Colleague: 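Quick one: this structure, given as structure tokens, is what I'll be asking you about.
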There are 2 protein chains.
Amino acid sequence: MKSYQVPVNILIADDHRLITDGISKILEEEKIIGKIHTANDGSEAVNIALAEDIDCVIMDINMPVMNGLEAVKRIKQEKPYVKIIAVSMHSDASVVNKMLKAGADGYINKDTGKTELLTALGKVMRGEKYISPEISNNLFVHLNDRNVQSTEGEKPLTPREIEIIRYIADGHTNQEIAQKLFLSVVTVDTHRKNILAKLQLKNSAALVKYAAEHKLL
Amino acid sequence: MKSYQVPVNILIADDHRLITDGISKILEEEKIIGKIHTANDGSEAVNIALAEDIDCVIMDINMPVMNGLEAVKRIKQEKPYVKIIAVSMHSDASVVNKMLKAGADGYINKDTGKTELLTALGKVMRGEKYISPEISNNLFVHLNDRNVQSTEGEKPLTPREIEIIRYIADGHTNQEIAQKLFLSVVTVDTHRKNILAKLQLKNSAALVKYAAEHKLL
DNA sequence: GGTAAAATACACAGAATAGTGTATTGTCCC
DNA sequence: GGGACAATACACTATTCTGTGTATTTTACC
């Protein structure tokens with residue numbers, strides 16, 4: 001690992017240019033910063049991170065094309081020594097855990113200022129972990145958890161189930177979904193029921209609200 | 001109105017500090033910028049805008065305590081000469097129209113870079129309007145519309161209807177809602193049907209998605 | 001006092017969903 | 001090869017929604 005004393009090359013990944021531009025400007029003032037790259041979606045972030053000489057990635061979680069979680073996994077798979085700080089709008093326990101599980105070294109909230117960003121950057125470059133106090137205090141975060149899901153005692157949704165949820169949210173009936181996915185109506189119905197049972201929800205309306213709150217749509 | 005040649009005092013309102021910090025840094029490089037203030041919610045933005053000598057407010061739409069729309073209205077009511085640029089994550093036609101109706105002078109998306117921010121700032125300070133090309137091209141925006149609703153040919157939801165929507169999103173059935181609101185089941189059902197008809201939605205699941213997207217929950 | 005809109009209420013038929021339970025296949029991993 | 005899980009499929013009943021109407025009573029505004 002590079003020492004913190006030599007210039008640190010940074011990749012900023014966020015679909016909102018105003019934010020990448022803003023963070024760039026914040027970082028440019030620091031003497032220890034080397035080259036700054038920016039990416040506007042997860043896929044671009046992975047490409048740049050693998051192709052260029054990057055020391056630390058500041059990664060937004062919600063991005064088009066490929067989300068931050070997936071991007072973190074791929075980067076860490078190829079270049080585990082690259083440090084990654086996840087940045088998000090909300091501090092949802094399950095999201096935080098998933099990001100850490102995926103290999104993120106730090107996790108900060110967008111409502112924390114530049115001072116904290118720099119603190120986080122310093123820590124992760126030294127090989128430490130950094131999590132915003134707001135997040136680690138309020139939420140039950142297990143840094144060493146093997147199984148992310150166990151944290152909340154919830155059974156995870158399967159990919160198929162999430163697919164079904166999206167159709168439900170779009171207002172499709174079981175019949176329509178069955179047609180689109182070449183399934184029998186009863187199968188779709190079973191998925192729907194299993195989903196409601198897993199999430200302990202009463203009906204599809206509540207499910208869509210849950211999905212919206214958990215960024216499943 | 002002040003000329004664009006003298007220092008322009010800016011207020012940046014956004015609940016995410018990283019963004020206010022970032023925009024500050026972007027603006028600080030410009031010679032024409034005077035004092036920069038920041039606010040982290042709508043209420044704070046209104047207070048600062050009314051108390052300080054502000055020429056232009058860069059206002060995020062989604063903020064806690066008081067949202068951007070309300071803040072724009074209040075500022076324009078007291079100090080109509082203060083220019084306001086709305087900044088948002090998504091480019092939703094109805095939101096854009098509401099902001100313009102409320103008095104915003106510009107509307108840009110967070111995924112547009114600093115160049116566009118500066119262009120917008122220049123334009124609104126000269127008394128012109130500025131709307132991101134992405135937004136004005138893709139969406140049908142009427143700058144001179146009196147009635148915002150008419151833009152999309154949509155009938156507005158009544159307060160009672162919005163109340164019903166919230167209960168639906170929480171997974172309550174017509175019966176339960178009727179009990180809670182001391183109504184007959186058929187009345188709740190009528191409201192539900194009227195809502196679906198107004199919004200041209202097929203079922204409650206789609207309604208909840210709509211509600212989530214339009215920040216009704 | 002008239003008009004418009006909102007909130008309330010009902011009928012009736014057909015469609016869709018929720019609750020509970022069972023069962024078969026395939027796949028991945030140890 | 002056995003265990004766990006995902007995906008598929010079905011039965012049966014009860015409840016809830018959806019679609020298409022109609023109609024009365026407030027409330028708000030001109």
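A note on names: the letters A, B, ... follow the listed sequences, proteins ahead of strands, and every chain is numbered from 1. Worth saying up front: this structure is predicted, and the values here are computed from it rather than measured.
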Colleague: Pull out every residue in residues 180-192 of chain A that has a heavy atom closer than 4.0 Å to any atom of DNA chain C, ordered by number, or say none.
Modeller: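 Residues of residues 180-192 of chain A that come under 4.0 Å of DNA chain C are, in numerical order, A:Arg192.
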Colleague: Ignoring hydrogens and geometry beyond distance, is the side chain of A:Lys193 in donor-acceptor contact with the base of C:dT20 at under 3.5 Å?
Modeller: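 Result: at least one qualifying N/O pair found.
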Colleague: Salt bridge check, B:Lys198 against B:Glu161: does any charged N sit closer than 4.0 Å to a carboxylate O?
Modeller: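 A salt bridge is present here (some side-chain N lies under 4.0 Å from a carboxylate O).
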Colleague: Determine whether a donor-acceptor pair (N or O, by modelled atom type, separation under 3.5 Å) exists between the side chain of A:Asn203 and the backbone of B:Gly171.
Modeller: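 Between the backbone of B:Gly171 and the side chain of A:Asn203 there is a qualifying donor-acceptor contact (under 3.5 Å).
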Colleague: Could you tell me how far apart A:Asn174 (CG) and D:dA7 (P) are, to the nearest whole angstrom?
Modeller: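 Distance, rounded to whole Å: 17 Å.
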Colleague: Between atom CG in B:Leu196 and atom P in D:dT20, what is the gap in whole Å?
Modeller: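 These atoms are roughly 12 Å apart.
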Colleague: May I ask you to decide whether A:Glu163 forms a salt bridge with A:Arg160, counting only side-chain N to carboxylate O separations under 4.0 Å?
Modeller: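 Counted as a salt bridge, because a side-chain N and a carboxylate O are separated by less than 4.0 Å.
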Colleague: Nearest whole Å is fine: how far is D:dA6 C1' from A:Glu161 CD?
Modeller: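 Going from A:Glu161 (CD) to D:dA6 (C1'), I get 8 Å.
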Colleague: Between P on C:dA6 and CG on B:Asn194, what's the gap in Å once rounded to a whole number?
Modeller: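 So the CG-P distance, B:Asn194 to C:dA6, works out to 10 Å.
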Colleague: Given atom CD of A:Gln175 and atom P of D:dC10, what is their separation to the nearest angstrom?
Modeller: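 Going from A:Gln175 (CD) to D:dC10 (P), I get 14 Å.
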Colleague: Measure the CD1-OH distance between A:Ile165 and A:Tyr210 for me, rounded to the nearest 0.5 Å.
Modeller: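 One finds 8.0 Å between CD1 of A:Ile165 and OH of A:Tyr210.
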Colleague: Between A:Lys193 and A:Asp189, does any NZ, NE, NH1 or NH2 come within less than 4.0 Å of an OD or OE carboxylate oxygen?
Modeller: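 A salt bridge links A:Asp189 with A:Lys193.
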Colleague: Does B:Asp14 use its side chain to pair, donor to acceptor, with the backbone of B:Ile19 at less than 3.5 Å?
Modeller: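 The answer is no, because no donor-acceptor pair under 3.5 Å joins these two groups.
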Colleague: Do B:Asp170 side-chain atoms and B:His172 backbone N/O form a donor-acceptor pair below 3.5 Å?
Modeller: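 No, B:Asp170 side chain to B:His172 backbone: no donor-acceptor pair under 3.5 Å.
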Colleague: If the helix axis at each end comes from five base pairs, how far does the helix from C:dG1-D:dC30 to C:dC30-D:dG1 deviate from straight, to 10°?
Modeller: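 If I round to tens, the end axes sit 60° apart.
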Colleague: Let me know the distance between CG of A:Leu207 and P of C:dG19, rounded to the nearest Å.
Modeller: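 Going from CG in A:Leu207 over to P in C:dG19 covers 12 Å.
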Colleague: Taking atom C1' of D:dT25 as reference, at what distance in whole Å does atom CZ of B:Arg160 sit?
Modeller: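 About 14 Å, once rounded to whole Å.
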Colleague: It should be established whether B:Thr173 places a side-chain nitrogen or oxygen under 4.0 Å from OP1 or OP2 of nucleotide D:dT15.
Modeller: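 Answer no for this pair, as no side-chain N or O of B:Thr173 is under 4.0 Å from OP1 or OP2.
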Colleague: In whole angstrom, give the distance that lies between atom CG of A:Asn203 and atom C1' of D:dA14.
Modeller: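 Value for this atom pair: 15 Å.
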Colleague: Yes or no on side chain to side chain contact (heavy atoms under 4.5 Å, CB included) for A:Thr20 and A:Asp15, after CA distance, side-chain angles and deciding distance?
Modeller: CA-CA 8 Å; A:Thr20 54; A:Asp15 55 325; over 6 Å; no
Colleague: Give me the atom names and distance for the closest heavy-atom approach of A:Ile75 to A:Ala49.
Modeller: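 Looking at all heavy atoms of both residues, the shortest contact is CD1-CB, 3.6 Å.
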